[in-house]
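Written out below as structure tokens is the structure these notes cover.
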Amino acid sequence: MYGNDQTRQLQKQSAGFLSLATKKASTVPVKELDALRQVLRFHEYRYYVLNEPLVSDGEYDQLYKLLERTEQADPALITPDSPTQRVGSSLNQGFTTVQHLVPMLSLDNSYNAEDLLDFDRKARELSGLDTIEYCIEPKFDGASISLIYENDKLVRAATRGDGVEGEEITTNIKQIRSIPLTAAFSKYGLQQIEVRGEVIMSKKSFAAYNEQLAAQNLAPLANPRNAASGSLRMKDPKEVGRRSLDAFLYHISFFITDDGWKMSDEGEEKADIKKHLSGNNLLASHSGSLELLWNLGFRSPQKEKRVVKGIQPVIDYCLEFEAGRDDLPYEIDGMVVKVNDVVLQENLGMTSHHPRWAIAFKFKARQATTKLIGAGFQVGRTGAVTPVAKLEPVYLAGVTVSSISIHNEEYIREKDLKIGDTVLIERAGDVIPQIVKSLPELRTGKEKPIAFPKQCPVCKSELYKEEGEAVWRCINIECEAQVVEKMIHFVSKDAMDIKSFGEANVRKFYELGFLKDIPGIYTLPYDQIGALEGFGKKSLDNLQAAIEASKQQPLHRLIYALGIRFVGETTAKTLANAVNHILDFAAKSEEELTQLEDVGVKVAKSIHGFFQNKQNIHMLQQLEKLGLQLQNQKKKAVAAGALTGTTFLFTGTLAKLKRSEAEAMAEAEGGVIVSGVSAKLNYLVVGEDAGSKLEKAKKINTIKIISEDEFLQLMTK
Ligand code: IVH
């Protein structure tokens with residue numbers, strides 16, 4: 001997409017804009033507006049398509065704001081394809097139905113080598129060829145979309161719908177940063193084009209999204225596919241933007257050339273392609289189309305694809321990919337095998353349902369059906385009572401599943417779950433299994449509803465449900481279940497990470513009376529534990545060492561470990577950065593808390609409530625006496641750091657660090673990054689090909705000019 005020269009050029013322009021962007025209320029001259037947009041598109045491509053950003057998030061934001069300020073000063077300057085126009089301001093008012101330019105057919109499926117051999121045999125028979133060239137690529141597990149570009153601009157995006165008609169979702173699609181709003185199809189002689197692809201949510205974003213749902217006591221989604229397709233139909237485009245969606249584009253289904261020639265999946269004219277497009281045109285093969293899309297800045301499976309001759313290497317590649325599917329950052333449910341030559345595709349044609357030139361190779365199912373044989377109820381650390389479905393044990397993608405959380409009453413109603421039902425379950429990636437649906441058509445009439453208890457199954461106190469919430473809760477804070485669950489959470493991997501403690505030991509020590517609350521973790525009776533069966537000296541030493549080490553965990557881990565409702569790992573980090581000492585929160589009002597990033601009214605209320613509770617404050621004081629870190633170490637270091645207030649500027653290309661990393665290191669030590677050479681500058685760090693800044697700095701003798709290595713030494717002092 002961008003050659004080396006262009007990359008350097010854009011990066012240079014970017015640096016220029018950046019120094020302007022840092023000036024308050026600055027705007028760019030109208031004649032440079034296009035260049036600034038180019039720079040932003042370039043950074044979006046580096047970040048979202050290549051995953052190799054050249055500027056920090058903060059720098060990107062500054063450039064974006066510069067463009068936004070300029071456009072706001074004169075709205076007549078806004079163009080529909082400006083990077084600022086991704087973020088739609090208005091809500092979607094329902095979605096209109098649109099007709100696809102050509103029907104979006106689905107693919108026939110294959111499940112094993114024999115099926116693929118069969119597919120190849122038929123294709124050879126029909127074409128009269130001995131060997132066929134295939135292009136193989138992943139089958140992305142997301143939601144299908146169609147994009148139409150006219151005169152290089154994205155003009156319409158639609159869901160697949162029933163294949164003939166879909167829903168128009170252009171505003172939402174514009175939120176996906178790996179989809180370019182402009183793409184230079186005209187360079188290839190194309191005036192209008194329809195591109196098909198799949199919107200996906202990466203495993204990481206999916207896990208983060210489910211974590212967010214869980215923090216709000218909402219049931220998680222079963223798989224990233226549901227998350228992606230649900231996101232595309234959301235009313236608020238801004239919310240779509242927050243979901244970190246991505247898109248792979250893998251098929252060109254229709255185009256019109258500059259001279260008015262049309263080619264489509266349905267058309268009869270593919271054989272003429274060479275007449276209308278120059279001989280070496282990329283569009284003559286499927287792999288070429290992927291390359292063309294890649295060249296224009298789309299995320300196509302350019303690196304994932306493989307072109308081979310004959311069916312055996314197709315089979316090999318499919319199996320190779322299946323073996324590695326867990327290592328991919330996104331879900332795929334198979335591979336797609338396509339005849340590579342477009343003219344041959346045309347000759348093979350299609351049946352009423354599927355093209356004959358392509359087939360999906362489906363991986364082994366991560367779904368299974370089993371019987372729901374009963375329901376249990378668990379009390380969590382916040383008192384939430386969670387129903388758990390007991391299942392007839394079933395093997396599913398590496399584990400035997402015999403119980404599965406069914407979250408809350410609403411979820412049970414939505415999924416229409418009854419005891420005795422046959423249910424479809426699924427395990428996506430490394431995510432815990434979920435129920436996809438029940439199969440009411442298999443009911444016998446003997447199924448029973450799942451009855452929710454009125455009392456806490458552990459302490460028997462009455463359960464409550466807050467208005468607008470789906471969850472029943474035990475509000476007795478002395479409820480044994482809650483006390484134990486809180487401790488289990490405290491020692492867990494993402495919290496204080498006390499290795500070799502674990503759930504089993506928490507339960508055991510609690511039952512034996514060795515442990516009754518969180519501070520008790522730090523005053524365990526080791527002599528008594530040592531006398532227990534199964535606790536040799538070595539395991540006892542390990543446990544003791546792990547507990548001791550956890551005292552040094554940074555503040556954000558402790559905050560997360562406290563298990564304050566709605567405070568996940570991210571919020572915990574925000575909170576830790578906001579104070580010098582955890583007890584500073586006791587003096588903060590709800591309103592002050594809402595000033596923090598991503599802390600809404602509900603979260604603020606919960607944090608405030610936690611720090612107004614005397615028992616909690618007492619517990620924190622105890623923990624401090626026991627030697628835990630209740631101070632923000634980072635802030636302390638910065639305040640005391642020898643480099644506090646020292647100014648840094650980097651110039652030239654650094655060999656070991658990215659510019660943004662180096663800057664972050666300096667800042668972490670209390671340094672301040674400045675944008676230009678002046679008498680206020682203390683250190684100029686010089687990389688390769690340093691230019692005018694170095695020359696200028698040489699003239700000011702108070703500036704210390706140092707190399708990257710010297711800088712690194714300074715950081716480790
Ligand atoms: S090609 C005419 N390629 O799988 C060819 N489809 O049943 C059209 N899919 O509806 C599709 N990854 O949503 C193709 N690399 C890929 C794909 C892919 C996922 C989806 C697509 C389609 C379904 C096939």
Side-chain angles (χ1 to χ4, degrees), residues 100-111 115 119 123 134-147 157-167 169 173 178 193-202 223-229 232 245-255 263-267 270 283 285-294 298-307 314 317-318 321-322 325 328 330-342 344-363 428:
H100 293 301
L101 295 184
V102 285
M104 290 176 74
L105 295 188
S106 61
L107 298 174
D108 204 359
N109 289 327
S110 66
Y111 299 93
D115 293 348
F119 166 73
Y134 293 107
C135 179
I136 319 131
E137 67 207 31
K139 184 170 186 300
F140 303 100
D141 200 5
S144 282
I145 49 159
S146 126
L147 305 177
T159 61
R160 177 172 184 275
D162 63 4
V164 177
E165 290 178 331
E167 284 176 310
I169 48 162
I173 283 294
S178 54
I193 181 160
E194 183 181 54
V195 186
R196 286 180 55 179
E198 206 84 358
V199 169
I200 57 166
M201 191 184 264
S202 71
N223 51 50
R225 175 183 60 245
N226 290 359
S229 63
L232 289 186
L245 299 170
D246 215 326
F248 274 98
L249 280 305
Y250 47 66
H251 182 61
I252 292 176
S253 47
F254 174 87
F255 63 75
M263 193 183 98
S264 82
D265 273 354
E266 280 191 315
K270 286 190 185 177
L283 291 165
S285 69
H286 174 69
S287 56
S289 313
L290 296 182
E291 197 176 321
L292 182 148
L293 290 171
W294 180 259
F298 289 88
R299 193 167 185 205
S300 74
Q302 168 71 2
K303 301 209 170 110
E304 295 78 2
K305 71 160 200 268
R306 185 177 284 179
V307 178
V314 169
Y317 193 51
C318 286
F321 234 92
E322 179 163 17
R325 78 191 279 199
L328 290 176
Y330 46 83
E331 282 292 331
I332 62 174
D333 59 340
M335 302 297 283
V336 180
V337 181
K338 297 174 182 172
V339 168
N340 201 29
D341 182 336
V342 171
L344 185 52
Q345 289 183 357
E346 171 71 44
N347 292 341
L348 292 169
M350 31 195 149
T351 70
S352 55
H353 303 291
H354 315 292
R356 285 199 195 89
W357 49 264
I359 194 161
F361 175 83
K362 301 277 274 191
F363 290 162

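As the structure lists them, so they are numbered: ligands from 1, and atoms in each ligand from 1.
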**Report entry** CA sep, side-chain torsions, deciding dist, call: F361, V314, side-chain contact (heavy atoms from CB on, under 4.5 Å)
**Finding:** CA-CA 10 Å; F361 175 83; V314 169; over 6 Å; no
Requested in this report: Select the closest option to atom 2 (C) of ligand 1 among P355, P103, C135, judged by heavy-atom distance.
Outcome: P355
**Report entry** Pairwise distance CZ(R299) to CG(L290) - rounded to 0.5 angstrom
**Finding:** 13.5 Å
**Report entry** Verdict with reasoning, S202 to D246, per side-chain contact (heavy atoms from CB on, under 4.5 Å)
**Finding:** CA-CA 7 Å; S202 71; D246 215 326; over 6 Å; no
**Report entry** Protein contact to atom 14 (C) of ligand 1 [nearest heavy atom, distance to 0.1 Å]
**Finding:** Y250 CE1, 3.2 Å
Requested in this report: Using distance alone, determine whether F140 and ligand 1 share an N or O pair under 3.5 Å.
Outcome: yes
Requested in this report: Indicate, as side chain, backbone, both or neither, the part of A358 found under 4.0 angstrom from ligand 1 when only non-hydrogen atoms are considered.
Outcome: neither
Requested in this report: Please confirm whether S144 comes within less than 3.5 Å of ligand 1 when only nitrogen or oxygen atoms on both sides are compared.
Outcome: yes
Query raised in the report: Has ligand 1 got any nitrogen or oxygen that is less than 3.5 angstrom from a nitrogen or oxygen of L105?
Result: no
Report task. Consider ligand 1: state whether an atom of it lies below 4.0 angstrom from any non-hydrogen atom of P138. Result -> yes
Query raised in the report: Taking N or O atoms only and a 3.5 Å limit, does D265 qualify as a polar contact for ligand 1?
Result: no
Query raised in the report: Which is closest to atom 20 (C) of ligand 1 in terms of heavy atoms, E304, E198, R196?
Result: E198
Report task. Check whether any side-chain N or O of R196 sits under 3.5 Å from a backbone N or O of H251 as a donor-acceptor pair, and report yes or no. Result -> no
Requested in this report: Give the residue, atom name and distance (to 0.1 Å) of the protein heavy atom nearest atom 7 (O) of ligand 1.
Outcome: L107 N, 2.9 Å
Query raised in the report: Run the side-chain contact (heavy atoms from CB on, under 4.5 Å) check on L283 and M263 step by step: do they pass?
Result: CA-CA 10 Å; L283 291 165; M263 193 183 98; 5.9 Å; no
Report summary line: In ligand 1, the atoms that come under 4.0 Å of a heavy atom of S106 are 7 (O)
Query - V336 N/O under 3.5 Å from ligand 1 N/O - result: no
Query raised in the report: Side chains of Q345 and H286: is there a donor and an acceptor less than 3.5 Å apart?
Result: no
Report task. Show the numbers, then the answer: is there a side-chain contact (heavy atoms from CB on, under 4.5 Å) between I200 and D141? Result -> CA-CA 7 Å; I200 57 166; D141 200 5; over 6 Å; no
Query raised in the report: Hey, does E137 come in under 3.5 Å of ligand 1, counting only N/O atoms on both sides?
Result: yes
Query raised in the report: ligand 1 versus K338, non-hydrogen atoms closer than 4.0 Å: side chain, backbone, both, neither?
Result: side chain
Query raised in the report: Is a side-chain N or O of H100 found less than 3.5 angstrom from the main chain of R160, in a donor-acceptor match?
Result: yes
Query raised in the report: Under 30°, 30 to 60°, or over 60°: which ring-plane class applies to F248 and F140, parallel, tilted or perpendicular?
Result: parallel
